[in-house]
Amino acid sequence: MRTLIVGAGSLGCVFAALFKEAGADVTLFEINEEKAELIAKGGLIIRDSNLVDRKVLVPCVSDIEAAPPPDLGLVMVKAYHTERAAREIRFVMGPETKVLTLQNGLGHIEVLAEQLPKERLFAGITYMSALQLSEGHVHHTGVGLTIIAPVLEKSMAG
């Protein structure tokens, strides 16, 4: 499965590293060109609960056109960047692409649902936690459950 993770913040980096280590074809999309280049060239450094760092090489792009069409788009940006994230994913998504949001805050599901096909939209919560130590260097502070569910039309009613 080809996965595009939108947002190279602390959790975006952790999920990208975990997907890559599990054998997934994953690409990070980060709008900050310098950060994207740093990750693309140097990889991600993930610090585990034993305070041991490991390097994980994950492709990272700042131009959405450089991202391969994903089977799964994973939105992991701050809520106020959701609209842009939706536009970026919509640009590269294929006819079967699913989109999953794992974001904090309110209103991001509705923003995504305005721009993306609701039947391919999923929302989730995660009990994973991470702390960004520096650009591309993340301390994976907590391992936990992630729960995913489809976004249904009836759940969008006010």
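Values in this document were obtained by computation on a predicted structure and should not be read as measured data.
- Rounding to the nearest 0.5 Å places OG1 of T97 at 10.0 Å from CG of L116.
- Residue L106 qualifies as open at atom CG: its count of foreign heavy atoms under 6.0 Å is 12 or below.
- Under the 4.5 Å side-chain heavy-atom criterion for Ile, Leu, Val, Met, Phe, Trp and Tyr, F29 and V26 are members of distinct hydrophobic clusters.
- Using a distance-only test at 3.5 Å, with no hydrogens or angles considered, no donor-acceptor pair links the side chain of R47 to the main chain of V52.
- Side-chain atoms of R120 come within 3.5 Å of backbone N or O of P95 as a donor-acceptor pair.
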Pair up each side-chain donor or acceptor in residues 129-136 with any protein partner under 3.5 Å, not counting sequence neighbours, and list the distances.
from: S129; atom 1: OG; to: T141; atom 2: OG1; distance (Å): 2.9
from: S129; atom 1: OG; to: G142; atom 2: N; distance (Å): 3.0
from: Q132; atom 1: NE2; to: E135; atom 2: OE1; distance (Å): 3.2
from: E135; atom 1: OE1; to: K35; atom 2: NZ; distance (Å): 3.4

Per-pair distances, 0.1 Å, donor-acceptor, side chain in residues 8-23, under 3.5 Å, sequence neighbours excluded:
from: E21; atom 1: OE1; to: R54; atom 2: NE; distance (Å): 3.4
from: E21; atom 1: OE1; to: R54; atom 2: NH2; distance (Å): 3.0
from: E21; atom 1: OE2; to: R54; atom 2: NE; distance (Å): 2.5

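- V99 and L102 fall into different hydrophobic clusters, where Ile, Leu, Val, Met, Phe, Trp and Tyr are joined by side-chain heavy atoms under 4.5 Å apart, directly or via other members.
- By the 6.0 Å contact criterion, CG on D25 is enclosed, its count of non-hydrogen atoms from other residues, nucleotides or ligands being greater than 12.
- Linking Ile, Leu, Val, Met, Phe, Trp and Tyr whenever their side-chain heavy atoms come within less than 4.5 Å leaves V151 and F122 in two separate clusters.
- Linking Ile, Leu, Val, Met, Phe, Trp and Tyr residues whenever their side-chain heavy atoms come within less than 4.5 Å leaves V58 and V75 in two separate clusters.
- Put simply, the side chain of E34 does not reach to within 4.5 Å of the side chain of E37, judged on heavy atoms.
- Contact annotation: the side chain of V6 approaches that of I89 to within less than 4.5 Å [non-hydrogen atoms, C-beta and beyond].
- Rounding to the nearest 0.5 Å gives a distance of 8.5 Å between CG of L4 and CG of L72.
- A distance of 9.0 Å separates CG in D53 from NE2 in H139, rounded to the nearest 0.5 Å.
- Here the CD1 atom belonging to I125 is positioned 8.5 Å from the OG1 atom belonging to T146, to the nearest 0.5 angstrom.
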Show me the side-chain donor-acceptor pairs of residues 60-71 shorter than 3.5 Å, one per line, residues at least two apart or across chains.
from: D63; atom 1: OD1; to: E65; atom 2: N; distance (Å): 3.0
from: D71; atom 1: OD2; to: R2; atom 2: N; distance (Å): 2.8

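- Closest heavy-atom contact between L100 and A123: CD1-C, 3.8 Å.
- Of the residues listed (K98, R90, M93), the one engaging P117 in a side chain to side chain contact (heavy atoms under 4.5 Å, CB included) is M93, and it is the only one.
- Taking a 6.0 Å sphere around CD of E96, one finds it holds 12 or fewer heavy atoms contributed by other residues, nucleotides or ligands.
- When each of E114, R87, Q103, H108 is paired with T82, the side chain to side chain donor-acceptor pair (under 3.5 Å) condition holds for Q103 and for no other.
- Residue L38 is not grouped with residue L57 when hydrophobic side chains (ILVMFWY) are merged at heavy-atom distances under 4.5 angstrom, including chains of intermediate members.
- Note that CG of L74 and OG1 of T27 are 12.5 Å apart. Values are rounded to the nearest 0.5 Å.
- Note that CD1 of I5 is 7.0 Å distant from CE of M76, once rounded to the nearest 0.5 Å.
- The shortest side-chain heavy-atom distance between L44 and V138 does not fall under the 4.5 Å cut-off.
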